[in-house]
2 protein chains.
Amino acid sequence: MINCSCFIYKKHLIITLEKSTKGLFKNCYYLIIHMSAYSKSDTSAIEALRKKGYKATPQRIAICRIALNSRAHPSAHKVYEEVKKIHPTVSLATVYKTLEVLRDVKLMQEINLPKGQARFDSYMTPHINLVCLKCGNITDLDDIVIGEITRKVLSSTKFQPTGQRVDVYGLCQKCSNSK
Amino acid sequence: MINCSCFIYKKHLIITLEKSTKGLFKNCYYLIIHMSAYSKSDTSAIEALRKKGYKATPQRIAICRIALNSRAHPSAHKVYEEVKKIHPTVSLATVYKTLEVLRDVKLMQEINLPKGQARFDSYMTPHINLVCLKCGNITDLDDIVIGEITRKVLSSTKFQPTGQRVDVYGLCQKCSNSK
DNA sequence: CTCAGTGCAAAAGGTTTGCATCTTG
DNA sequence: CAAGATGCAAACCTTTTGCACTGAG
């Protein structure tokens with residue numbers, strides 16, 4: 001076992017090499033590893049797709065990598081922009097079809113907002129979306145209250161819940177300060 | 001003070017006249033009053049509009065009457081269809097503009113759903129929307145849990161909430177039976 | 001009498017679809 | 001090699017906008 005200090009910067013894991021490890025990599029002081037290339041989601045996404053009978057095409061894997069690793073709640077168009085950097089010939093239609101598939105295999109959910117396009121959320125644990133009405137940013141907030149909701153629906157109605165969404169609209173700290 | 005029995009049938013208040021009151025209306029045994037003509041929302045909507053500097057035009061009042069008295073979470077187009085029965089020349093653009101105004105004066109909120117158009121909800125007390133993924137019906141459910149959400153956001157973040165929405169997706173009783 | 005509101009038509013998105021071509025399993 | 005996926009363009013739909021005209025306050 002080797003101990004070394006490391007930190008994460010813009011989706012890269014940056015490892016500072018100590019004397020003991022430096023010898024292993026000539027002329028190197030740091031190891032910079034792009035995390036998405038090693039992220040778990042690739043294989044787990046492929047599995048999830050195949051389990052439901054979907055084919056794991058390169059386009060779909062690229063879309064998964066981008067959409068599932070982002071906590072920024074990207075729009076379909078934003079995902080498209082990112083995917084194009086890897087697959088320049090990809091089409092918006094494919095992105096839409098893939099996002100539909102990812103919803104089907106329960107890897108993400110859709111957030112529909114007033115005025116504008118759908119946004120996508122790969123954080124599937126029930127949570128609160130804090131939607132800023134000024135800058136449009138969406139941040140997630142975990143809370144136990146949320147788990148109660150499905151339980152209440154089940155106990156008081158004949159409705160069969162399969163998913164849920166909790167949005168709180170308002171102003172984020174930045175926007176309420178600058179108002 | 002006059003006591004008489006009455007009941008409501010299809011938005012009409014039906015008053016059965018007793019001996020004591022019968023004399024006041026010659027040859028009448030019932031008074032049938034169309035409630036929407038006397039519903040509170042007309043005057044309260046007009047007040048709410050004027051308070052914010054909006055003019056209370058006949059079109060707006062008609063849209064209020066329809067949109068605010070419906071618990072069916074109508075779409076903009078559905079509201080338009082209904083309003084046209086009263087104002088045949090009304091345009092969809094006016095409906096959209098008015099719904100925007102009604103949101104602004106806090107008389108209703110918008111529900112954005114996957115695949116399709118926005119739906120409108122005039123029930124402004126925090127509640128749960130039970131959205132059936134098969135038939136598209138939306139029913140409301142009151143629960144105290146919901147009131148907790150804003151409180152939690154306030155106590156654990158710097159976010160300034162102004163509104164909220166809780167949707168639970170799934171199958172309504174009818175659809176889960178017929179599946 | 002004035003400014004906001006209306007209605008029309010056209011524009012502007014975002015999303016979906018049809019279809020020939022290409023790929024995965 | 002067959003079923004399914006891609007990519008392109010066109011179609012779709014909901015929503016918004018521009019503008020001349022009308023009506024509420």
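Naming convention: chains lettered A, B, ... in sequence-line order (proteins, then strands); numbering from 1 in each chain.
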Under the side-chain contact (heavy atoms from CB on, under 4.5 Å) test, residues paired with B:Thr162 that sit two or more places apart
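Per chain and number, B:Thr162 pairs via side-chain contact (heavy atoms from CB on, under 4.5 Å) with A:Leu133, A:Tyr169.
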
What is the distance, rounded to the nearest whole Å, between atom [atom1] of [X] and atom [atom2] of [N]?
X	N	atom1	atom2	value
B:Leu92	C:dA11	CG	C1'	15 Å
A:His77	C:dG13	NE2	P	11 Å
A:Gln59	D:dA5	CD	P	11 Å
B:Ile111	D:dT15	CD1	P	13 Å
A:Leu49	D:dG4	CG	C1'	13 Å
A:Lys78	C:dG14	NZ	C1'	17 Å
B:His87	D:dT22	NE2	P	18 Å

Contact pattern, 5' to 3', of nucleotides 18-25 of chain C - B, S or - by protein heavy atom under 4.0 Å
B-----BS

Show the atom names and distances, to 0.1 Å, of all donor-acceptor pairs under 3.5 Å that link a side chain in residues 50-63 of chain B to residues at least two apart or in another chain.
{"unit_1": "B:Tyr54", "atom_1": "OH", "unit_2": "B:Asp104", "atom_2": "OD2", "d": "2.6"}
{"unit_1": "B:Thr57", "atom_1": "OG1", "unit_2": "B:Arg60", "atom_2": "N", "d": "3.3"}
{"unit_1": "B:Arg60", "atom_1": "NH1", "unit_2": "B:Lys55", "atom_2": "O", "d": "2.7"}

Using atom types as modelled, flag every donor-acceptor pair under 3.5 Å from a side chain in residues 77-89 of chain A to any protein atom, sequence neighbours excluded.
{"unit_1": "A:Glu82", "atom_1": "OE2", "unit_2": "A:Lys85", "atom_2": "NZ", "d": "3.2"}

Hey, does B:Gln173 have a side-chain heavy atom less than 4.5 Å from the side chain of A:Gln160?
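The answer is no, as the side chains (C-beta and beyond) never meet within the 4.5 Å cut-off.
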
Does A:Arg119 reach the side chain of A:Pro74, with side-chain heavy atoms less than 4.5 Å apart?
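A:Arg119 vs A:Pro74: side chains apart.
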
Indicate whether any N or O donor in one side chain lies under 3.5 Å from an N or O acceptor in the other, for A:Asp142 and A:His127.
no

So which pairs with a foot in residues 133-159 of chain A pass ring pair (Phe, Tyr, Trp, His ring centres under 6.0 Å), sequence neighbours left out?
none

Using a strict cut-off of less than 4.0 Å between a Lys/Arg side-chain nitrogen and an Asp/Glu carboxylate oxygen, indicate whether A:Glu100 and A:Lys97 qualify as a salt bridge.
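Result for this pair is no, no salt bridge flagged.
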
Between the axis at one end of the helix from C:dC1-D:dG25 to C:dG25-D:dC1 and the axis at the other (five pairs apiece), what's the angle to 10 degrees?
50°

Report which part of the nucleic acid B:Thr89 touches: base, sugar-phosphate, or nothing (heavy-atom distance under 4.0 Å, all strands).
sugar-phosphate

Which nucleotide, D:dA5, D:dG7, C:dG7, lies nearest any side-chain atom of A:Arg60?
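Between D:dA5, D:dG7, C:dG7, the one nearest the side chain of A:Arg60 would be D:dA5.
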
